[in-house]
Amino acid sequence: SDQQRVSKALECADVEEISEFFEKEIPKLGLYISDLRVYCLNLITLLFRYLQGLGLGKGSSDRSKKEAILTLSALKGEQQILSYTYQLYLDTLQFSLQKVSSSDKLALSISQFIADHFCDADLSVAKIAQEFHISPVYAGSLFRAKEGMNINQFVSHLRMEKAAELLRDPSLRVQDVSGMTGYLDPQYFGKIFKKTYGITPTEFRRITLAPMESS
């Protein structure tokens with residue numbers, strides 16, 4: 001429960017919550033030095049897992065984590081152990097707040113990149129993350145926070161809108177539309193289309209083209 005509380009505070013960049021946790025809640029536990037050290041080691045592990053999610057390179061993050069653990073292991077007093085871990089969290093929160101100002105721009109750039117490439121069959125969260133030099137986890141969480149849906153849902157939404165537009169062109173076959181919207185498998189395309197619109201691509205075409213043919 002403590003880790004869930006801390007994780008939520010980190011995600012929200014809630015400095016007040018972190019301060020209360022370190023200054024009031026942990027001292028209430030009355031841990032022995034050895035137990036406090038293990039407790040703080042777990043908090044440091046949680047912290048660096050969060051940092052990796054922000055898009056930091058795994059190699060540099062692992063090195064920093066090792067250094068932090070070695071430093072903590074060398075500390076003797078209860079206050080030293082607690083203060084050191086607390087300062088690590090404050091430094092991370094400051095880093096998070098600095099990234100927030102640029103996160104909206106990055107999310108917008110990701111949205112634009114998807115809008116420009118959603119018809120590419122090889123488009124994936126990993127490819128998008130690579131394009132912006134961030135981790136897939138961070139790309140996904142950043143986009144979801146901004147758009148209210150995950151990246152795959154957004155890609156599917158754009159593809160289905162485009163498919164509905166293309167199906168109104170009688171010169172295109174259904175399998176042509178499938179390939180043009182990033183689906184190499186026409187059957188899978190049909191499954192996703194029916195899930196989205198409640199009818200198959202062929203039925204959609206017949207319904208939408210009927211008024212045109214009668215006129």
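This one's a predicted model, so the numbers in the text were calculated from it and none came from an experiment.
Atom CD of Gln80 has more than 12 neighbouring heavy atoms from other residues, nucleotides or ligands inside a 6.0 Å radius. For Glu78, the CD atom sits in a loose shell: 12 or fewer heavy atoms of surrounding residues, nucleotides or ligands are nearer than 6.0 Å.
Thr181 places no side-chain N or O within 3.5 Å of a backbone atom of Arg159 that could act as its donor or acceptor partner. Remark: the backbone N or O of Ile192 is paired with a side-chain donor or acceptor of Thr196 at under 3.5 angstrom. Asn150 places a side-chain N or O within donor-acceptor distance of the main-chain N or O of Gln153, the cut-off being under 3.5 Å. Under the 3.5 Å distance criterion, the side-chain polar atoms of Ser156 are left unmatched by any main-chain donor or acceptor of Asn152.
Under a hydrophobic clustering in which Ile, Leu, Val, Met, Phe, Trp and Tyr are joined whenever their side-chain heavy atoms come within less than 4.5 Å, directly or via other members, Leu29 and Ile33 fall into the same cluster. Clustering ILVMFWY residues whenever any of their side-chain heavy atoms sit less than 4.5 angstrom apart, transitively, puts Met149 in a cluster other than the one holding Leu108. Under a hydrophobic-cluster definition in which Ile, Leu, Val, Met, Phe, Trp and Tyr are linked whenever side-chain heavy atoms come within less than 4.5 Å, directly or via other members, Phe193 and Ile207 are assigned to the same cluster. Hydrophobic clustering (ILVMFWY, side-chain heavy atoms < 4.5 Å, transitive): Val137 and Ile128 are in distinct clusters. Connection of Val38 to Leu31 is not established within any shared hydrophobic cluster, with ILVMFWY side chains joined at heavy-atom distances below 4.5 Å, either directly or through further cluster members.
Within the 4.5 Å cutoff, side-chain heavy atoms of Pro27 are placed close to those of Leu82. When side chains are defined from C-beta on, Glu161 does not count as touching Glu165, because their heavy atoms never get closer than 4.5 Å.
For the atom pair CG of Leu93 and CG of Leu10, the computed distance is 5.5 Å after rounding to the nearest 0.5 Å. Here Phe118 contributes atom CZ and Ile151 contributes atom CD1; the two are 15.5 Å apart, rounded to the nearest 0.5 Å. Interatomic distance, CG of Leu75 versus SG of Cys40, reported as 9.5 Å (0.5 Å rounding). A distance of 11.0 Å separates CG in Leu90 from OG1 in Thr85, rounded to the nearest 0.5 Å. The CG atom of Asp2 sits 9.5 Å away from the CD atom of Gln4 when rounded to the nearest 0.5 Å. Here the CZ atom belonging to Arg173 is positioned 11.5 Å from the CE atom belonging to Met180, to the nearest 0.5 angstrom.
In terms of the ring pair (Phe, Tyr, Trp, His ring centres under 6.0 Å) criterion, Phe21 has no residue partners (sequence neighbours excluded). Taking the ring pair (Phe, Tyr, Trp, His ring centres under 6.0 Å) definition, one finds that Tyr84 meets it with nothing, sequence neighbours left out. Residues satisfying the ring pair (Phe, Tyr, Trp, His ring centres under 6.0 Å) criterion with Phe22, sequence neighbours excluded, are Tyr86, Tyr89.
Scanning both residues, Glu17 and Ala9, for their nearest heavy atoms gives CG-CB, 3.7 Å.
In this structure, a donor-acceptor pair under 3.5 Å is absent between the side chains of Ser19 and Glu23.
Between Lys194 and Glu203, none of the side-chain N atoms (NZ, or NE/NH1/NH2) sits under 4.0 Å from a carboxylate O, so this pair counts as no salt bridge.
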